[in-house]
Amino acid sequence: MTSSSATLSSSSFSSTSALSSSKFRFKFPSFSRTSSLSSRAKPFTASSSTTTHNISGEIRHCSLSRRRGLAFTATLPFLLPLHEFVDSVAAKAVESGSGQSEYLRIKEEIIKVVTKGKAAGVLRLVFHDAGTYEMDENSGGMNGSIVYELERPENVGLKKSLKVLEKAKKEIEAIQSVSWADMIAVGGAEAVSICGGPKIPVTLGRLDSGEPDPEGKMPEESLDASGLKQCFRRKGFSTQELVALSGAHTLGSKGFGSPVAFDNSYFKILLEKPWNSSAGMTSMIGLPSDRAIVEDDECLRWITKYADDQNMFFEDFKNAYMKLVNCGAKWKSMSLCNQPQTSSTL
């Protein structure tokens with residue numbers, strides 16, 4: 001896929017030609033582990049209306065709250081599936097006052113630099129950063145490692161999109177620290193919204209990796225439907241989520257409707273199978289992975305549902321996106337009672 005298109009497929013997110021390094025001097029690290037531009041997050045402090053002073057009653061209240069909070073967070077994951085627990089906490093974190101001002105500031109700066117024409121490339125960053133996740137190995141995922149991986153063939157064209165977010169990141173960091181992982185996660189969500197798609201809440205607090213993720217973990221565009229489903233299963237995603245996330249192809253230049261409108265055109269056009277037509281450029285629509293899923297009965301069931309019901313697609317894409325940007329993430333510790341914590345070192 002060209003650099004303006006969004007997908008989890010490695011080649012489908014790649015341009016057909018590389019940018020010349022002699023003409024494009026980019027400041028992000030390729031494989032250097034010591035670059036100062038790999039942002040280290042500052043300690044995270046959860047805001048609260050309750051402040052602690054050296055008064056015995058308030059200290060006891062804080063201690064009790066901490067004990068109750070620790071007991072709750074220790075037991076809840078055993079009562080709920082892990083991804084449901086993470087998604088629930090994520091949504092509440094965004095809605096609460098603790099991170100709302102920081103979240104709104106990041107969104108505000110991103111909106112200033114991400115236009116509809118740049119949205120597909122920014123969304124592509126999300127899939128290429130998060131798409132390296134392997135559940136069994138507990139490796140890869142949404143960790144900002146893409147800044148070290150820009151020279152890989154599957155990431156051709158991403159320098160331009162990363163530079164778009166760099167402008168916003170510089171403005172934000174004049175006031176607060178923000179990781180690349182958070183910037184990319186929120187950036188992709190705003191790219192979808194700007195183009196008319198669903199509003200997607202994204203929690204903050206991801207830490208950046210200090211090194212690239214292993215190579216060869218991105219889904220290949222040449223996989224058939226069975227291979228794609230197996231690949232996504234290793235990353236913790238169902239067939240339904242595979243199809244929903246593939247709907248990101250509706251943005252970009254692969255011929256699925258307007259390149260700057262996030263809607264369900266992708267699924268409608270898949271059902272038409274225009275590549276089977278002898279009419280000129282219609283054979284260029286889509287990628288091998290797109291053509292593969294429409295030939296699979298299980299995938300076809302969801303493609304048909306989303307073609308008929310855009311609201312269903314929006315809801316399922318939102319949920320799959322929230323799960324995607326949490327996969328493999330390492331988080332800053334959120335302290336109780338406003339006590340500062342030292343962030344983890346990767």
Side-chain angles (χ1 to χ4, degrees), residues 3 6-14 18-19 26-42 44 86 106 110 121-166 168-169 172-173 177-189 191 202-220 231-232 234-237 245 248 321-332 343-346:
S3 59
T7 182
L8 265 178
S9 168
S10 59
S11 298
S12 60
F13 273 145
S14 302
L19 296 176
F26 190 67
K27 294 187 290 182
F28 296 110
S30 175
F31 285 90
S32 170
R33 301 189 182 189
T34 58
S35 170
S36 61
L37 282 173
S38 177
S39 301
R40 283 293 181 184
K42 294 180 180 178
F44 178 84
V86 171
I106 292 171
I110 286 174
V122 172
L123 183 55
R124 181 185 171 215
L125 278 171
V126 177
F127 288 100
H128 280 240
D129 194 28
T132 57
Y133 179 64
E134 292 288 333
M135 186 169 57
D136 291 343
E137 300 173 5
N138 191 27
S139 65
M142 198 72 204
N143 56 16
S145 68
I146 190 67
V147 301
Y148 300 102
E149 301 158 6
L150 295 171
E151 303 305 320
R152 294 179 181 177
E154 66 267 26
N155 295 331
V156 169
L158 286 178
K159 288 180 180 179
K160 185 176 181 180
S161 298
L162 209 55
K163 280 191 71 70
V164 170
L165 291 185
E166 182 195 21
K169 192 172 188 289
I172 296 163
E173 291 196 321
S177 174
V178 59
S179 67
W180 270 116
D182 278 351
M183 281 295 300
I184 294 169
V186 178
V202 177
T203 191
L204 302 180
R206 295 168 190 78
L207 292 168
D208 282 335
S209 174
E211 59 186 13
D213 286 339
E215 295 190 56
K217 300 299 182 180
M218 290 289 294
E220 299 176 5
C231 180
F232 274 70
R234 291 196 302 270
K235 300 176 187 299
F237 289 88
L245 289 173
Y321 183 96
M322 291 169 64
K323 180 176 176 179
L324 177 69
V325 298
N326 289 340
C327 283
K330 302 296 188 294
W331 300 89
K332 302 174 187 177
S343 59
S344 303
T345 300
L346 297 178

* Asked: What residues form a salt bridge (Lys or Arg N to Asp or Glu O under 4.0 Å) with D182, not counting sequence neighbours?
  -> R206
When you measure from the side chain of [X] to the backbone of [Y], do you find a donor-acceptor pair of N or O atoms at a distance under 3.5 Å?
| X | Y | answer |
| --- | --- | --- |
| K323 | G236 | yes |
| N155 | E149 | yes |
| Y133 | V325 | no |
| D129 | M142 | no |

* Report the residues that fulfil side-chain contact (heavy atoms from CB on, under 4.5 Å) with A168, sequence neighbours left out, ordered by chain and then residue number. => E109, I110, V113, M183
To the nearest 0.5 Å, tell me how far [X] [atom1] sits from [Y] [atom2].
| X | Y | atom1 | atom2 | answer |
| --- | --- | --- | --- | --- |
| N326 | Y321 | CG | OH | 10.5 Å |
| W180 | L125 | CH2 | CG | 8.5 Å |
| I184 | H128 | CD1 | NE2 | 11.5 Å |

* Can K217 and E137 be counted as an ion pair, charged N to O under 4.0 angstrom? -> yes
* **Salt-bridge present (E166, K169; N to O < 4.0 Å)** => no
* Structure fact -> Partner of N143 under side chain to side chain contact (heavy atoms under 4.5 Å, CB included), picked from S179, C327, S209, is S209
